[in-house]
Amino acid sequence: MKLYDLISQYKACGLSEREIILIASHLTGKSKEYLIAHPETECPDEVLGLLDLRLEGYPLQYILGSVEFYGRTFKVEEGVLIPRWETEGLVEIAVDIIKRKQIKLVADIGVGSGVIAVTLALETGVTVLGTDVERKPLEVTLKNAKTYGVEDKIELRLGKFLEPFKERYAEIQLIVSNPPYVKCGTPLQKELLYEPECALFGGVDGLDFYREFFRRYDVTGKIVLMEIGEDQGEELKRMTGGTVLKDLAGKDRYLLVERLS
Ligand code: GLN
């Protein structure tokens with residue numbers, strides 16, 4: 001089927017031209033610029049299956065198997081949360097803290113696709129101890145670390161919070177995380193139904209992760225930087241005594257806790 005026929009058919013169903021071209025590019029191996037200039041390109045039949053999947057709400061990033069983050073391309077697949085732009089803000093703040101305080105050892109709880117851990121290692125040269133409660137994210141993070149040649153900077157272990165790195169806890173200077181913070185029962189856009197529940201949902205008020213983390217760990221002498229939901233800032237300030245920073249959209253998005261020893 002020719003690309004221009006696909007575009008007219010699937011645009012009428014609600015897909016954007018950009019998505020159709022990206023999916024066609026993924027399957028044909030031709031660049032999107034080439035396809036834009038050659039809409040008469042013949043696309044293989046499999047393209048129809050992928051466009052139908054996208055129409056049902058299956059995320060574009062899982063179809064393409066990749067996502068852009070902090071100016072780089074990262075592998076993503078089902079079983080890991082798709083990185084969001086807000087998390088680039090978390091990384092930006094973390095990079096600044098690492099440079100200012102000359103931090104050498106960072107921990108990342110719930111690595112997901114590894115965008116935070118790999119980007120911090122690349123941007124600052126720190127070593128990152130990463131955990132996740134599922135194996136798939138650890139595998140995807142390792143692949144991304146290898147792609148960018150920082151696998152020797154990232155140590156990955158399976159488990160909750162920082163339990164797998166108990167013996168190194170005292171050395172950790174900065175703890176970062178994009179934990180699950182969506183309230184259970186929140187009506188979700190259909191794309192989110194394909195993402196791992198354990199990466200999204202944080203209990204009835206979305207705060208289970210933070211409550212348990214700050215109960216389990218004494219963070220005196222460390223810096224903690226975590227992504228939060230836009231309506232959770234006040235409660236988390238009360239719970240932790242930390243400060244809350246805003247994202248690009250002006251919404252409360254990052255919790256910073258710095259307990260001096
Ligand atoms: N920001 C994500 C969303 O609302 C949630 C990510 C998370 O819970 N860490 O889709």
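These values consider heavy atoms only, across backbone and side chains, with no hydrogens, waters or symmetry-generated copies. Every number for a ligand or one of its atoms is a count from 1 in the order of the listing.
Relative to the six-membered ring of Tyr148, Lys153 misses at least one condition, a distance below 6.0 Å or an angle of at most 45° to the axis.
Within 6.0 Å of CZ on Arg18 lie no more than 12 heavy atoms contributed by other residues, nucleotides or ligands.
Salt bridge absent: Glu235 and Arg211 never bring a charged side-chain N and a carboxylate O closer than 4.0 Å.
Considering backbone and side-chain N/O atoms, Pro180 never comes within less than 3.5 Å of an N/O atom of ligand 1. The shortest N/O to N/O separation between Tyr181 and ligand 1 falls below 3.5 Å.
Ring-plane geometry between His38 and Tyr34 is classed as parallel, the angle between the planes falling under 30 degrees on a 0 to 90 degree scale with a further cut at 60.
With hydrogens left out, the protein atom closest to atom 10 (O) of ligand 1 is Arg84 NH2, 2.9 Å, a heavy atom. Ranking the protein heavy atoms by distance from atom 4 (O) of ligand 1 puts Val182 CG2, 4.1 Å first.
Against a heavy-atom cut-off of under 4.0 Å, Pro179 is close to the following atoms of ligand 1: 7 (C), 8 (O), 9 (N). Atoms of ligand 1 lying under 4.0 Å from at least one heavy atom of Leu192, given by number and element, are 10 (O).
At least one heavy atom of Ala199 lies less than 4.0 angstrom from ligand 1.
Of all heavy-atom pairs between Glu56 and Tyr194, the closest is O-OH, 3.6 Å.
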- Evaluate the ring pair (Phe, Tyr, Trp, His ring centres under 6.0 Å) criterion for residues Phe214 and Tyr210: first the C-alpha distance (whole Å), next the side-chain angles of each, then the deciding distance (0.1 Å), finally the verdict. CA-CA 6 Å; Phe214 286 100; Tyr210 311 95; 7.5 Å; no
